[in-house]
2 protein chains.
Amino acid sequence: MLSKKCKYAIHALVYLAERHGQGPVQIGEIADQQKIPKKFLEAILLELRNGRILNSKKGKGGGYYLQRNPEEINLTEVIRLTNGPIALLPCVSLNFYESCEECVNEKNCTIRTTFLTIRDETLKILSESNLSALVKKQKKDRK
Amino acid sequence: MLSKKCKYAIHALVYLAERHGQGPVQIGEIADQQKIPKKFLEAILLELRNGRILNSKKGKGGGYYLQRNPEEINLTEVIRLTNGPIALLPCVSLNFYESCEECVNEKNCTIRTTFLTIRDETLKILSESNLSALVKKQKKDRK
DNA sequence: GATTAGTCTACTAATTTTATAGGATTAACT
DNA sequence: AGTTAATCCTATAAAATTAGTAGACTAATC
């Protein structure tokens, strides 16, 4: 399951994507609207900034905004940054690869293929879920 | 990522599936062969037994064995028992459903569809991975 | 230079995961 | 009946991860 941090991150980003191009949005506003503990959100947004998803501006009129267009930010990136690997086994992870200690021999690991297939399917779906697509869906649902 | 408990469970079950029909296998043997801490494995096998995947026999000559044929035991069941929900969000889980606190309105939740699709694809792949299929793969790889 | 808003470091609390210890129970064999 | 070999059960502990908080610092604007 996704961590709260990750879910908070996704919701905050969708919120920011809705306001893309309208200047910085303050942490407090996002926290209030999305019901996220402010201090926790602060740390999360900082991580997203260091992960090159968000930019920030300090001082009056400052806040956070997307570093790229919404269609260029998808959920794989967000999840990797705030939740870790997408694969269910370390030995089939693209970005967080580690050999399984409990695997006697990796190449012939019985369960590897299954989880490799799952990873590929999951990545496919997640990479189609970019912020632009999510915002579009949201607007449609609100009607 | 899957917990160690879950990975241990899967490896133990594949081991037992290989020996299906040859009488009970002792915890100690499985622990040694699969490099699993014995006491931890004990607890895991007990859970699998309570989950109606394994049967056990006490006393001398006792041990664990599959409660059903290998083709009738698939990874969805094993993962749910030893790792929890397969879905990435509680609100799209079949067996562990909970509404998301952080969702303002569930029906129109922006990200729900994405994770519903992932759950369905994952379930499909996992349910095809039954113990019989995994053992077959293993035998083929060993050649 | 006062105000406003993000930045950074460091901590704490709660929860979950990964075990381990030790005795109770059951079955088989002599 | 007694010994041995195995699982069953309860309780606990250590380690890791997650969730959240506090407070001083820095930069931008007016």
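Chain naming here is simple, since letters A, B, ... match the order of the sequence lines and numbering starts at 1 in each. For the numbers below, each heavy atom of this structure counts, side chains included, while hydrogens, waters and symmetry mates do not.
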Rounding to a whole Å, what distance do you find between [X]:[atom1] and [N]:[atom2]?
{"X": "B:Tyr64", "N": "D:dT7", "atom1": "OH", "atom2": "P", "result": "7 Å"}
{"X": "B:Leu46", "N": "D:dA11", "atom1": "CG", "atom2": "C1'", "result": "15 Å"}
{"X": "B:Gln26", "N": "D:dT7", "atom1": "CD", "atom2": "P", "result": "6 Å"}
{"X": "B:Ile30", "N": "D:dT7", "atom1": "CD1", "atom2": "P", "result": "8 Å"}
{"X": "B:Glu29", "N": "D:dA5", "atom1": "CD", "atom2": "C1'", "result": "15 Å"}
{"X": "B:Lys38", "N": "D:dA5", "atom1": "NZ", "atom2": "P", "result": "12 Å"}
{"X": "B:Asn50", "N": "D:dC8", "atom1": "CG", "atom2": "C1'", "result": "10 Å"}
{"X": "A:Ile36", "N": "D:dT21", "atom1": "CD1", "atom2": "C1'", "result": "16 Å"}

Roughly how far, to the nearest 0.5 Å, is [atom2] of [Y] from [atom1] of [X]?
{"X": "B:Ile10", "Y": "B:Gln34", "atom1": "CD1", "atom2": "CD", "result": "12.0 Å"}
{"X": "B:Thr122", "Y": "A:Ile125", "atom1": "OG1", "atom2": "CD1", "result": "7.0 Å"}
{"X": "A:Leu126", "Y": "B:Leu88", "atom1": "CG", "atom2": "CG", "result": "7.5 Å"}
{"X": "B:Lys124", "Y": "B:Arg119", "atom1": "NZ", "atom2": "CZ", "result": "13.5 Å"}

Checklist line | Contact interval (first through last nucleotide) of DNA chain C with protein chain A, 4.0 Å heavy-atom | finding: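 It runs C:dT4 to C:dC8.
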Check: Between D:dC8, D:dA28, D:dT21, which nucleotide gets closest to the side-chain atoms of B:Arg49?
Finding: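 Of the options given, the side chain of B:Arg49 lies nearest D:dC8.
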Check: What nucleotide, of D:dA19, D:dG20, D:dT29, holds the atom closest to the side chain of A:Pro37?
Finding: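 In terms of side-chain proximity for A:Pro37, the closest of D:dA19, D:dG20, D:dT29 is D:dG20.
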Notebook entry, point to check: Taking 4.0 angstrom as the limit, do A:Glu77 and A:Arg68 come out as a salt bridge?
Noted result: yes
Check: Start at the 5' end of DNA chain C and walk down; is the nucleotide closest to B:Lys58 or to B:Leu2 reached first?
Finding: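 The residue mapped nearer the 5' terminus is B:Leu2.
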Note to self: What's A:Gly28 touching, base or sugar-phosphate or nothing? Going by heavy atoms closer than 4.0 Å.
What the structure shows: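 The residue A:Gly28 makes no contact with any strand.
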Margin query: Over all strands shown, is B:Leu45 touching base, sugar-phosphate only, or nothing at heavy-atom distances under 4.0 angstrom?
Written below: nothing
Next item on the list: Give a yes or no on this: more than 12 heavy atoms of other residues, nucleotides or ligands lie within 6.0 Å of atom CZ of B:Arg52.
Entry: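 Open: at most 12 neighbouring heavy atoms sit under 6.0 Å from CZ of B:Arg52.
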Check: Think B:Ser56 has a side-chain N or O under 4.0 angstrom from the OP1 or OP2 of D:dA6?
Finding: no
Note to self: Measuring to OP1 and OP2 of D:dA19, would you say a side-chain N or O of A:Tyr8 lies under 4.0 angstrom away?
What the structure shows: no
Next item on the list: Provide the closest heavy-atom pair for A:Tyr15 versus A:Ile30 in the form atom of the first, atom of the second, distance.
Entry: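 A:Tyr15 and A:Ile30 have their closest heavy atoms at CD2-CG1, 4.0 Å.
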Check: Closest nucleotide of DNA chain D for A:Cys6 versus for A:Gly59: which of these residues is on the 5' side?
Finding: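 First, find each residue's nearest nucleotide; the 5'-ward one identifies A:Cys6.
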